[in-house]
> 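Below you'll find the structure I mean.
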Amino acid sequence: MTLIGDTAIIAPMSKYPFREIEQKWQAYWETHQSFAVTEDENIPQEKRVYVLDMFPYPSGSGLHVGHPEGYTATDIYCRYLRMNGYNVLHPMGFDSFGLPAENYAIQTGTHPKITTESNIANFRRQIKSLGFSYDWSREVSTHTSDYYRWTQWIFIQLFNKGLAYESNTPINWCDHCKTGLANEEVKEGRCERCGTAVVRRNIRQWVLKITEYADRLLEDLEALDWPESVKAMQRNWIGRSEGASVLFHIDGMDESLEVFTTRADTLFGATYMVISPEHPLVEALTTDENRDAVVAYLDEVAHKSDLERTDLAKEKTGVFSGSWAINPVNGERIPIWIADYVLISYGTGAIMAVPAHDERDWEFAKKFGLPIIEVLKSEVDVQEEAWTEDGVHVNSGFLDGLGKDDANNAMIAWLEERGLGKKAINYKLRDWIFSRQRYWGEPIPLVHCPTCGTVPVPESDLPLLLPEVTSYEPSGTGESPLAKIDSWVNTVCPVCGGSAKRETNTMPQWAGSCWYYLRYLDPHNSEEFVSSEKERYWMPVDLYVGGAEHAVLHLLYARFWHKVLFDLGKVSTSEPFTRLVNQGMITSYAFQRKDKSLVPTDMVDEIESDRFIERETGETLERVIAKMSKSLKNVINPDEIITEYGADSMRMYEMFMGPLQVSKPWSTAGLVGVYRFLDRTWRLFTERTVSDQEPSAALLKTLHKSIKKVSEDTASLNFNTAIAQMMILVNDLYKEETLPRQVAETLAKLLSPYVPHLAEELWQQLGHTTLLSATAWPEWDEHLTVDDTVTLIFQVNGKVRSKAEVPMGLGKEEALSLAKADEKIQKWIEGKDTVKEIVVPDKLVNIVVK
RNA sequence: GCCGGCGUGGUGAAAUUGGUAGACACGUCAGACUCAAAAUCUGAUGGAUGAAUAAUCCGUAUCGGUUCGAUUCCGAUCGCCGGUACCA
């Protein structure tokens, strides 16, 4: 049969009744609440484990194959831990506020709650169909009032601590989503969600002071067992840089400009200054004769999107303000320019320009004819190009002859003595724009009172329910749909009782996911967001598995909230997630024409093995790896896989594909291989006689090696190699006449974290009445994992020339003489001088000759 | 540009205090079973030369280094993936 693009489903000739088996055990686990967990105080601290999956956003398209990858990994790990006597907390829930449901509501008028809850039901069904051992009694959904009541409560704690403030500075606005965005939600100048170029817009926003935690968010990364890439991304995002702030007096005015620089040592080369168009001193610094030009420039800049402003990096623009500053180090008058290559949001929004040693300043100076002074000994002519490498200081007065670090320290000391500057630390991280002008989110529980100012809704009045609206359409004016409901907006001030108005903005989707891992600990508590006993019992999360796309957003926000809660004494650890693992993306095959364009999979024929053509044109196509996408028709639907091959095959295949952490392409042919293995295993148990005989010595060795390998690899999340070992064991068993009970039972145990339905069924068929998943994990006998003989390698000059089967632990002398006695070796060393003889016991003998 | 990661058969991949490269699986080929096919079972399968299960050579992106010995350590280069960027 032709496998079209490798994604066609071939119904297997089934002997193995996975449908019945899987339905049977899922029903059993459900009725018996087999995986519900309690805070048993008799279990010692080190045997309590919290294993967490990133909960999904319940989209309308259902689960994709990426979800079960991480979920299967944690499920295997949890089942393994339980069988090893651990008390395991393993919950699941839904991140259920968010824009897609709301956009759907705008199109169809269906309440987002209805869509969301039906999507959740579908997700829950799909997740359950994979047989994961979640404690479903702890399920949470962030859109329910029982849950968001506490999201609102945490917001009030932040507000009371002075960590939430209103701001009117320009923010990123997505015209398509009709809402403001956090900096973290802007990717390359575009809205992360819909790809629309963001524009700057002045909108009243609620902002959280995450910058107050910048240092701790940075430092505490050190101790975390997280992927280096995620830590690096967070470090970059926080963007701490050490330097100096320097004051420049403005000539003829009682004002000064403060700049941040990491290279105070180049101050002698500062030949002009630049302030951002949004800088507060723009107005004051603009002289009358320059006013028209400045106004025109500000207007030009205001009409550029952020994308244009950064994309047009090549061509610098700017205008002279008419004012001059005094370079503090040499008293020179230097012009102050206004240019949009200086960002208001970084540092002080003003810079000292050192064109000789900075690309951007150099370009600007060249364009506007500003002087360029070399202050670092350069290997190029700084009039021709900027020298950005290091060099000894020149033209720099008291710094001449010094290197970078010495000069920098000397300059900062010099400035500090005169009160003109000081050491300073600056962050790229900006405060978190927290309000959204949309409907489907948590209402921000604040009231604006003309007399008392902004006051929080009393905690006893929480939850502040999301009201019903007649239209979900965002106004686009920076007001959320809530603003249109007078009866909801108009309220009384909880402090003075006078008439007041509610805050109408809602929270971003990230709010609910900032603390969901805490709610799982105590999901039905109506008095507290989590009881401190339960929090102390489980926290911190021992293993957190999810996609790398949350490296900065969710993981930074959650760490921030957690630290605030820690400072308030509400949680006992300063970090929420001890260990983080990112599962790799599951990609798919795609077919590429010579011009690199891609052809949808359903337009491709495989004419012979690994030769693909485009049906319409007959053009030969190259098979490449691409992300799954609807347009390429290469999306794999988990429901179909489960129907055709079963959940156990799906689980095991996803783990067998390769290491958890790397991305790998889906191959239905590979899935069939795993299915065959399970079918073979099934037939092994059902078609052979289970005997009470002792297994043969050889089989016993394979068995104990398998216990060891599967145990170690499961504990270290190397599931692919653990599965390979189980395949070796089953292959060996096929060579035996009967199935020794001892081996059969152990095999079922080894299989059980991976293919829990099949394993449970095999266990029952072996005559057991207790649950396999509650049985103790097998132990191995180290002696039985070691072979009696080893293959000793004989090398001449490092090349393998012969080998021999020898007893384990053979002495060096014997090994050497065996090698020398070997016919092939003799041929290679004959007539040559032996220079050196190396013997590695049980490994090799290497004879070096000349 | 900068930061992080990766590069091994026809394919997914194994192998790390430096010691048999390619476990396991897919695919392919051959055999058994079958009227036949599918399914299943057994065996072979990195490349080249070769009748060969003989032998030799080549082979872990490329080039170089350290070493008796390098997929593994070091240096340079190329390519791919992810992140990020007028960040002063």
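Below, chains carry the letters A, B, ... as their sequence lines are ordered, and counting in each starts from 1. All values reported here derive from a predicted model rather than from experimental measurement.
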> Sticking with atom C1', work out how far B/U42 lies from B/G47, rounded to a whole angstrom.
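Rounded to whole Å, the distance is 27 Å.
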> Looking across every strand, which nucleic acid part, if any, lies under 4.0 Å from A/Asn731 by heavy atom: base, sugar-phosphate, or nothing?
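Sugar-phosphate, backbone atoms only, no base.
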> Would you call A/Glu222 and A/Arg235 a salt bridge, taking side-chain N to carboxylate O under 4.0 Å as the test?
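Salt bridge present between A/Glu222 and A/Arg235.
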> Would you call A/Lys664 and A/Glu69 a salt bridge, using N to O less than 4.0 angstrom?
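So A/Lys664 pairs with A/Glu69 through a salt bridge.
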> Would you say B/C68 has OP1 or OP2 under 4.0 Å from some side-chain N or O of A/Lys836?
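Answer is yes, contact under 4.0 Å.
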> Would you find more than 12 non-hydrogen atoms of other residues, nucleotides or ligands less than 6.0 Å from A/Glu823 atom CD?
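Counting neighbours around CD of A/Glu823, 12 or fewer heavy atoms of other residues, nucleotides or ligands fall under 6.0 Å, so no.
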> In whole angstrom, what separates A/Tyr754's OH from B/C24's P?
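Value for this atom pair: 18 Å.
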> In dot-bracket notation, what is the pairing pattern of RNA chain B, taking Watson-Crick (N1-N3 plus N6-O4 or O6-N4) and G-U wobble (N1-O2 and O6-N3) contacts under 3.5 Å, with [ ] crossing and | for other strands?
(((((((..(((......[....)))((((((.......))))))((((.....))))..(((((..]....))))))))))))....
> If the cut-off is 4.0 Å, is A/Trp828 near the phosphate of B/A55, judged by side-chain N/O to OP1 or OP2?
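Answer no for this pair, as no side-chain N or O of A/Trp828 is under 4.0 Å from OP1 or OP2.
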> Show each protein N/O and nucleotides 19-22 of chain B N/O combination with a separation under 3.5 Å, one pair to a line.
unit_1: B/G19; atom_1: N2; unit_2: A/Gln795; atom_2: OE1; d: 3.3
unit_1: B/U20; atom_1: O2; unit_2: A/Lys803; atom_2: NZ; d: 3.1

> Taking the C1' atom of each, how far is B/G46 from B/U28, in whole Å?
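Nearest-Å result for B/G46 against B/U28 at atom C1': 14 Å.
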> Taking the six-membered ring of A/Tyr341 as reference, does the NZ or CZ atom of A/Lys316 fall below 6.0 Å from its centre and within a 45° cone about the axis?
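Yes - A/Lys316 lies over the ring of A/Tyr341, closer than 6.0 Å to its centre and within 45° of its axis.
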> Atom CG of A/Asn797 and atom P of B/C68: how far apart are they, to the nearest Å?
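From A/Asn797 CG to B/C68 P: 11 Å.
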> For a quick check of understanding: with a heavy-atom distance under 4.0 Å over all strands, which category does A/Val259 fall into, base, sugar-phosphate or nothing?
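If one applies the 4.0 Å heavy-atom cut-off, A/Val259 turns out to touch nothing in the nucleic acid.
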> Are the charged groups of A/Arg190 and A/Glu192 less than 4.0 angstrom apart, N to O?
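No.
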> Indicate yes or no: does A/Asp822 engage A/Arg801 in a salt bridge with an N to O separation below 4.0 Å.
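The answer is no: the pair does not qualify as a salt bridge.
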> Quick one: does any side-chain atom of A/Asn797 pair with a main-chain N or O of A/Val849 as donor and acceptor, under 3.5 Å?
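It does hold such a pair.
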> Does A/Lys187 put a side-chain nitrogen or oxygen below 4.0 Å from OP1 or OP2 of B/U84?
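It does, given that an N or O in the side chain of A/Lys187 lies less than 4.0 Å from OP1 or OP2 of B/U84.
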> Under 4.0 Å between a side-chain N/O of A/Arg676 and OP1 or OP2 of B/G27, yes or no?
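Yes, within the criterion.
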> Please give the distance between the C1' atoms of B/G7 and B/G22 as a whole number of Å.
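It works out to 16 Å between them.
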> Check the side chains of A/Glu258 and A/Thr348 for a donor-acceptor pair under 3.5 angstrom, ignoring hydrogens and angles.
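Short answer, no.
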> Separation of A/Leu555 atom CG from B/G4 atom P, in whole Å?
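To the nearest whole Å, that distance equals 19 Å.
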> Using whole Å, what does the distance between atom C1' of nucleotide B/G82 and atom CD1 of A/Ile625 come to?
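So the CD1-C1' distance, A/Ile625 to B/G82, works out to 15 Å.
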> What is the separation between atom CE on A/Met652 and atom P on B/C26, rounded to the nearest whole Å?
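Atom-to-atom, A/Met652 to B/C26, this comes out as 13 Å.
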> On a whole-Å scale, what distance lies between the C1' atoms belonging to B/U60 and B/A54?
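Looking at atom C1' only, B/U60 and B/A54 are 27 Å apart.
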> Checking side-chain polar atoms at under 3.5 Å, does A/Asp648 have a donor or acceptor matched by the opposite partner on A/Tyr675?
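Side-chain D/A pair, A/Asp648 to A/Tyr675: absent.
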> Using a 4.0 Å heavy-atom cut-off across all strands, classify A/Trp362 as base, sugar-phosphate, or nothing.
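Since no nucleic acid heavy atom lies under 4.0 Å of A/Trp362, the category is nothing.
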> Identify whether any heavy atom of A/Pro227 sits under 4.0 Å from a base atom; if not, whether one sits that close to sugar-phosphate; answer base, sugar-phosphate or nothing.
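The answer is nothing, as A/Pro227 stays clear of every strand by at least 4.0 Å.
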> Could you give the distance separating B/G19 and B/C73 at their P atoms, to the nearest angstrom?
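The answer is 11 Å between these two P atoms.
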> Picking from B/G43, B/C87, B/G12, which would you name as closest to the side chain of A/Tyr589?
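Ranking B/G43, B/C87, B/G12 by closest atom to the A/Tyr589 side chain puts B/G12 first.
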> Contact class for A/Asn426 vs. all strands (heavy atom < 4.0 Å): base, sugar-phosphate, or nothing?
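Answer is nothing: A/Asn426 stays at 4.0 Å or more from every strand.
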> Between B/C26 and B/A13, how far apart are the two P atoms, rounded to whole Å?
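Those two atoms are separated by 16 Å.
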> Any side-chain N or O of A/Arg235 under 4.0 Å from OP1/OP2 of B/G83?
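False: A/Arg235 side-chain N/O out of range (4.0 Å or more) of B/G83 OP1/OP2.
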> Check the side chains of A/Asn426 and A/Ser241 for a donor-acceptor pair under 3.5 angstrom, ignoring hydrogens and angles.
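Not at all, the side chains of A/Ser241 and A/Asn426 share no donor-acceptor pair under 3.5 Å.
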> Got a salt bridge between A/Asp215 and A/Arg240, using NZ or NE/NH1/NH2 to carboxylate O under 4.0 Å?
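Salt bridge present between A/Asp215 and A/Arg240.
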> Scan A/Ser345 against the nucleic acid and name what it touches under 4.0 Å (heavy atoms): base, sugar-phosphate only, or nothing.
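The residue A/Ser345 makes no contact with any strand.
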> Under 4.0 Å between any heavy atoms, over every strand shown, what does A/Lys824 touch: base, sugar-phosphate, or nothing? Just pick one.
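Touches sugar-phosphate only.
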> Applying a 4.0 Å non-hydrogen cut-off, can you work out what A/Arg801 is touching in the nucleic acid: base, sugar-phosphate, or nothing?
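It contacts sugar-phosphate atoms only.
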> Please pick, from B/C3, B/C87, B/C41, the nucleotide with the shortest atom-to-atom distance to any side-chain atom of A/Lys428.
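Looking only at heavy atoms from C-beta outward on A/Lys428, the closest nucleotide is B/C87.
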> Of all the nucleotides listed (B/C87, B/A14, B/C24), which has the minimum atom distance to the side chain of A/Ala724?
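Nucleotide nearest to A/Ala724's side chain: B/C24.
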> Examine B/U42: is either OP1 or OP2 under 4.0 Å from a nitrogen or oxygen in the side chain of A/Arg680? Give yes or no.
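Answer is yes, contact under 4.0 Å.
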> If the cut-off is 4.0 Å, is A/Lys799 near the phosphate of B/C58, judged by side-chain N/O to OP1 or OP2?
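Result: yes.
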> Distance check, C1' atoms only: B/U71 and B/G9, in whole angstrom units.
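About 14 Å, rounded to a whole number of Å.
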> Taking O4'-C1'-N9-C4 for purines and O4'-C1'-N1-C2 for pyrimidines, is B/G9 syn (within 90° of 0) or anti?
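Glycosidic conformation of B/G9: syn.
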> I want to check a possible cation-pi pair here: A/Arg680 against A/Tyr734, using under 6.0 Å from ring centre and within 45° of the ring axis as the test.
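Output yes; distance and angle both within limits.
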> Please step through side chain to side chain contact (heavy atoms under 4.5 Å, CB included) for the pair A/Glu363 and A/Arg360, ending with a clear verdict.
CA-CA 5 Å; A/Glu363 277 173 35; A/Arg360 302 153 296 177; 5.9 Å; no
> Round to the nearest Å and state the distance from A/Ile728 atom CD1 to B/A13 atom C1'.
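Distance check: A/Ile728 CD1 to B/A13 C1' gives 14 Å.
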> Any side-chain to backbone donor/acceptor pair from A/Trp226 onto A/Ser229? Under 3.5 Å, distance only.
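Checked: no pair found.
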> Under 4.0 Å between a Lys/Arg side-chain N and an Asp/Glu carboxylate O for A/Lys367 and A/Glu315?
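Judged by the 4.0 Å cut-off on N to carboxylate O distance, A/Lys367 and A/Glu315 do form a salt bridge.
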> How far does the P atom of B/U62 sit from the matching atom of B/U72, given to the nearest Å?
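Between the two P atoms, the distance is 11 Å.
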> What does the list of N/O pairs under 3.5 Å between the protein and nucleotides 72-78 of chain B look like, with a distance for each?
none

> By the 4.0 Å heavy-atom rule, please label A/Lys231 as base, sugar-phosphate, or nothing.
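If one applies the 4.0 Å heavy-atom cut-off, A/Lys231 turns out to touch nothing in the nucleic acid.
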> Between A/Asn720 and B/G12, is there a contact of a side-chain N or O with OP1 or OP2 at under 4.0 Å?
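Result: no.
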